[in-house]
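I have placed the structure first, in the form of structure tokens, so that the comments after it can refer back to it.
Numbering of residues begins at 1 and proceeds along the displayed sequence.
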Amino acid sequence: MKKVITYGTFDTLHYGHILLFKRARALGDHLTVALSTDAFNARKDKAAHFSYDERAEFLRAITYVDAIIPENTWDQKRDDVVQHGIDVFTMGDDWAGEFDFLSDLCKVIYLPRTPRISSTAVRNIQSAAE
């Protein structure tokens, strides 16, 4: 079985995220999503609209996602790759080059972002509507 992993907060879930999961899952047989915990988001000064448990529930509803693990720190990625037997690490290409240090453990692939959609754009639309 070929295992794939990706990371994120996935707070303002949108079509671009669904395409990311679909493309990530197509790289293997099993997709693990490492979901940023509320405590980790706080350390990153990132305020999520939804709790970790709510965001995990969103992800569980997505057919491309096979497993969800907590992301507690920036530094856990090497351990996650080894512990979960990961073959492919993937992120959006806005992170290009940032995770090449994992290439001795697994294949690292940066997937293109979906044009004209981002969490920031969704939040801006929501703010304008309020």
Side-chain angles (χ1 to χ4, degrees):
M1 178 184 316
K2 191 173 186 180
K3 292 185 169 185
V4 181
I5 195 166
T6 194
Y7 288 73
T9 298
F10 306 112
D11 183 45
T12 311
L13 196 64
H14 55 72
Y15 181 66
H17 290 137
I18 302 303
L19 290 180
L20 169 71
F21 300 138
K22 181 179 182 179
R23 290 181 286 167
R25 181 62 165 68
L27 297 172
D29 307 302
H30 181 276
L31 175 61
T32 297
V33 176
L35 182 63
S36 297
T37 63
D38 296 332
F40 184 43
N41 279 336
R43 286 193 303 278
K44 295 187 289 184
D45 291 324
K46 189 173 193 176
H49 296 338
F50 297 97
S51 71
Y52 176 87
D53 291 336
E54 290 167 327
R55 292 179 286 118
E57 190 65 28
F58 298 160
L59 295 179
R60 278 195 271 297
I62 298 169
T63 59
Y64 307 114
V65 176
D66 297 297
I68 301 161
I69 62 171
E71 180 186 23
N72 297 299
T73 71
W74 287 113
D75 300 325
Q76 74 183 62
K77 290 173 180 62
R78 288 187 71 81
D79 289 340
D80 288 348
V81 168
V82 172
Q83 182 179 357
H84 296 282
I86 300 300
D87 301 292
V88 180
F89 175 99
T90 188
M91 292 288 284
D93 63 4
D94 52 325
W95 290 95
E98 293 293 322
F99 302 105
D100 291 352
F101 68 90
L102 297 169
S103 61
D104 63 321
L105 298 175
C106 62
K107 188 172 187 174
V108 178
I109 298 175
Y110 300 100
L111 295 171
R113 293 180 58 91
T114 303
R116 299 182 312 276
I117 187 71
S118 69
S119 295
T120 301
V122 170
R123 284 190 297 272
N124 289 342
I125 290 168
Q126 288 173 336
S127 293
E130 293 174 351

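Between Met91 and Leu111 the shortest side-chain heavy-atom distance does not fall below 4.5 Å.
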Verdict with supporting geometry, Arg78 and Phe101, side chain to side chain contact (heavy atoms under 4.5 Å, CB included)
CA-CA 9 Å; Arg78 288 187 71 81; Phe101 68 90; 3.9 Å; yes
List the steps, then state whether side-chain hydrogen bond (donor to acceptor under 3.5 Å, both in side chains) holds for Ser36 with Lys44.
CA-CA 10 Å; Ser36 297; Lys44 295 187 289 184; 3.2 Å; yes
For a side chain to side chain contact (heavy atoms under 4.5 Å, CB included) check, start with the C-alpha distance between Phe21 and Leu59, then their side-chain angles and the critical distance, and finish with the verdict.
CA-CA 10 Å; Phe21 300 138; Leu59 295 179; 3.6 Å; yes
Kindly indicate, with the supporting measurements, whether the criterion side chain to side chain contact (heavy atoms under 4.5 Å, CB included) is fulfilled by Asp11 and Arg55.
CA-CA 6 Å; Asp11 183 45; Arg55 292 179 286 118; 3.7 Å; yes
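Using a cutoff of 4.0 Å between basic side-chain nitrogens and carboxylate oxygens, Lys3 and Asp66 are not scored as salt-bridged.
Put simply, the side chain of Asn41 never gets that close to the backbone of Ala47: no donor and acceptor are under 3.5 Å apart. Under the 3.5 Å distance criterion, the side-chain polar atoms of Arg25 are left unmatched by any main-chain donor or acceptor of Thr63. Proximity of a side-chain donor or acceptor of Glu54 to a complementary backbone N or O of His49 within less than 3.5 Å is not detected. Looking at Arg60, its side chain never comes within 3.5 Å of a backbone N or O of Ile68 through a donor-acceptor pair.
Contact record, Asp100 with Ser103: O-OG, 2.8 Å, taken as the closest heavy-atom pair. Here the shortest heavy-atom pairing between His30 and Thr32 reads CE1-OG1, 3.2 Å. Heavy-atom minimum distance, Tyr7 versus Asp80: OH-OD2, 2.6 Å. Heavy-atom minimum distance, Tyr110 versus Gly92: CD2-O, 3.9 Å. Nearest heavy-atom pair, Cys106 versus Val81, reported as atom, atom and distance to 0.1 Å: SG-CG1, 4.0 Å.
Under a hydrophobic-cluster definition in which Ile, Leu, Val, Met, Phe, Trp and Tyr are linked whenever side-chain heavy atoms come within less than 4.5 Å, directly or via other members, Ile5 and Phe40 are assigned to the same cluster. Residues Leu35 and Leu20 share a single hydrophobic cluster, defined by chaining ILVMFWY side chains whose heavy atoms lie under 4.5 Å apart. Cluster membership check: Leu102 does not share its hydrophobic cluster with Leu31, using side-chain heavy-atom separations under 4.5 Å among Ile, Leu, Val, Met, Phe, Trp and Tyr. Leu27 and Ile18 fall within a single hydrophobic cluster, where Ile, Leu, Val, Met, Phe, Trp and Tyr are joined by side-chain heavy atoms under 4.5 Å apart, directly or via other members. Residues Val82 and Met1 fall into different hydrophobic clusters, defined by Ile, Leu, Val, Met, Phe, Trp and Tyr side chains chained together at heavy-atom separations under 4.5 Å.
The only option from Tyr64, Phe10, Phe58 that meets the ring pair (Phe, Tyr, Trp, His ring centres under 6.0 Å) definition with His17 turns out to be Phe10.
Note that the CD1 atom of Ile86 and the CG atom of Leu105 stand 11.0 Å from one another [nearest 0.5 Å]. Between the CG atom of Asp38 and the OH atom of Tyr52 there is a distance of 9.5 Å, given to the nearest 0.5 Å.
Checked against salt bridge (charged side-chain N to carboxylate O under 4.0 Å, His left out), Lys77 has the following partners two or more places apart in sequence or in another chain: Glu71.
A side-chain hydrogen bond (donor to acceptor under 3.5 Å, both in side chains) check over residues 83-96, counting only residues at least two apart or in different chains, returns the pairs Asp94-Arg113.
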